[in-house]
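Accompanying notes for the structure given below.
As the structure is a prediction and not an experimental result, all values here were calculated from the model.
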Amino acid sequence: MKHPSEQQSRVFAAIRDSEWFTVAAIAATASVSPNTVSRFIKLLDSVNAVDRVDRHPAPLFMLNRERFESSVKNTYFSKLLKLVDTLAI
């Protein structure tokens, strides 16, 4: 897996600071494209760290903090947290 990027760290910081969120809301907050947010959500979903509720017009997501913290052993997420701290996001 690649090293986390500054864009991904902004996406994570926006997700971390939100309760329920949409892809569009995080994209606007993090100043990235919705595709970047969608890819990051898929990454979180791969470690079962995001919950989803299908709503109209867009699904809502929430970071499952307990499951995310258990995935921090994952090198990628460990590096991501360090990058977020370094950038003071």
Has the side chain of Glu69 got a donor or acceptor atom that lies under 3.5 Å from a matching backbone atom of Glu66? no

Atom pair CD (Gln7) and CZ (Arg39), whose distance is rounded to the nearest 0.5 Å: 8.0 Å

Residue pair Leu81 / Phe12: nearest heavy atoms and the distance that separates them: CD2-CE2, 3.5 Å

Look at Glu6 together with Arg10 and state whether they make a salt bridge at an N to O cut-off of under 4.0 Å. yes

Distance in Å, Ile15 CD1 paired with Phe68 CZ, rounded so as to fall on 0.5 Å steps: 9.5 Å

Ser78 versus Thr75, side-chain donor and acceptor atoms under 3.5 Å: no

Common cluster, Leu44/Leu60, ILVMFWY with side-chain heavy-atom separation under 4.5 Å: no

Closest approach of Pro34 and Val23, non-hydrogen atoms and distance? O-CG1, 3.4 Å

Closest non-hydrogen atom pair between Leu80 and Pro4, with its separation: N-CG, 3.4 Å

Starting at CD1 of Ile26, measure out to OG of Ser31 and round the result to the nearest 0.5 Å. 11.5 Å

salt_bridge(Arg67, Asp51) N-O dist < 4.0 Å: yes

Is it the case that the side chain of Ser33 and the backbone of Thr36 share a donor-acceptor pair, with hydrogens and angles ignored and the cut-off at 3.5 Å? yes

